[in-house]
Amino acid sequence: MTTTQPSYEVRTATLTDPLTQPLLRELEHEYNTRYPAIAGAGRELARYPAREFEPESGGLLLLLLREGEPLAGGAYRRYDERTAELKRIWTHSAHRRRGLARHVVAELERAAAAAGYERVYLTTGPRQPEAKGLYLTTGYTALFDVGADPESLGGPLPFAKRLVGEGPLSAGDFRPPPRVDFGRKP
C-alpha cells in the first residue's frame with residue numbers, strides 16, 4: 001500500500017491579501033489567549049507596516065495553501081543588511097502537528113538566502129513552547145538560557161541561524177536588540 005503526501009502550493013502574499021486574514025485572526029486569538037495582560041494583541045500584529053513584509057522593502061510573506069485554503073504561513077522583514085527577521089509563523093489550528101510550520105520556515109529561509117541575507121533572527125513569546133521547540137529542532141541557536149523558566153527571562157525568547165557559511169551560529173555571533181517586556185502590564 002502506498003500513501004501519497006498532500007501537495008501544497010507556496011504562494012507569496014501581502015498582509016492585505018484576503019488569504020492572509022485567517023493567519024492574522026488566529027494569531028490575534030493566540031496572543032490574546034496566551035498573553036491576556038497585553039491589552040489588544042492587534043497592536044503587536046500592527047507594530048510593523050505592511051510594506052516591511054514586501055520584497056521591495058526586503059521582506060516577504062508566504063502562505064502554504066492546499067486547494068486554495070491557507071494552512072500555514074509566515075513572513076520575514078529586513079532586520080539589517082545581512083539579517084532577515086522571521087515574523088508571524090503560523091499554522092491553522094485545524095492543521096497543526098503535521099510539519100507545516102517546518103515547511104514554512106524552510107521556504108522562508110530559502111527565500112531569504114536567495115534575497116542575499118546571511119542569517120535569520122527571530123523571537124517568540126515565553127508562553128509558546130511549540131515555537132521554541134520548532135526553532136530548536138530546525139537548527140536555530142537560542143540566544144537565551146534554554147534551561148531557565150521562559151517566564152523568568154523577562155521578555156521574548158530570541159533565536160538566530162546562519163544561512164550561509166559553515167557551522168551553527170553561536171550566541172556570541174549575534175547580539176539581539178534590547179528586550180521589551182512581553183506579557184506583563186506596564
Could you walk me through whether E107 and R110 pass salt bridge (charged side-chain N to carboxylate O under 4.0 Å, His left out), step by step? CA-CA 5 Å; E107 291 289 340; R110 275 192 281 281; 3.0 Å; yes
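For the residue pair P126 and L157, the shortest heavy atom distance occurs at CA-CD1, 4.0 Å. The two atoms that bring T124 and K132 nearest to each other are CG2-N, 4.3 Å, heavy atoms only. Summarising the geometry of L143 relative to A160, their closest heavy-atom pair is CD1-CB, 3.9 Å, with the distance given to 0.1 Å.
The side chain to side chain donor-acceptor pair (under 3.5 Å) search around T14 returns T16, not counting sequence neighbours. Take E67 and apply the salt bridge (charged side-chain N to carboxylate O under 4.0 Å, His left out) test, not counting sequence neighbours, and it matches no residue. In this view, A111 and L60, Y76 satisfy the side-chain contact (heavy atoms from CB on, under 4.5 Å) rule, not counting sequence neighbours. Qualifying side chain to side chain donor-acceptor pair (under 3.5 Å) partners for R34, counting only residues two or more places apart in sequence or in other chains: E30, E130. For the side-chain contact (heavy atoms from CB on, under 4.5 Å) test, residues two or more places apart in sequence or in another chain that qualify with L24 are L15, T20, Q21. Listed by chain and residue number, E109 satisfy the side chain to side chain donor-acceptor pair (under 3.5 Å) test with K161 (two or more places apart in sequence, or in another chain). Considering only residues two or more places apart in sequence or on other chains, S93 meets the side chain to side chain donor-acceptor pair (under 3.5 Å) condition with E26. Qualifying side-chain contact (heavy atoms from CB on, under 4.5 Å) partners for R78, counting only residues two or more places apart in sequence or in other chains: E81, Y117. Residues passing the side-chain contact (heavy atoms from CB on, under 4.5 Å) test with A113, sequence neighbours excluded: L163.
A 4.5 Å side-chain heavy-atom check between L65 and L71 finds every atom pair outside the cut-off.
With respect to E151 and R127, a salt bridge is recorded, a charged nitrogen being found less than 4.0 Å from a carboxylate O.
Applying the side-chain hydrogen bond (donor to acceptor under 3.5 Å, both in side chains) test to pairs two or more places apart or on separate chains, those with a residue in residues 49-64 are E52-R77.
For T138 (side chain) and L134 (main-chain N/O), a donor-acceptor pair under 3.5 Å exists by modelled atom type. Judged by distance alone, with hydrogens and angles left aside, the side-chain atoms of N32 form a donor-acceptor pair with the main-chain N or O of E28 at under 3.5 Å.
In this structure, F159 and F144 have perpendicular ring planes: the angle between them is above 60°, well past the 30° mark.
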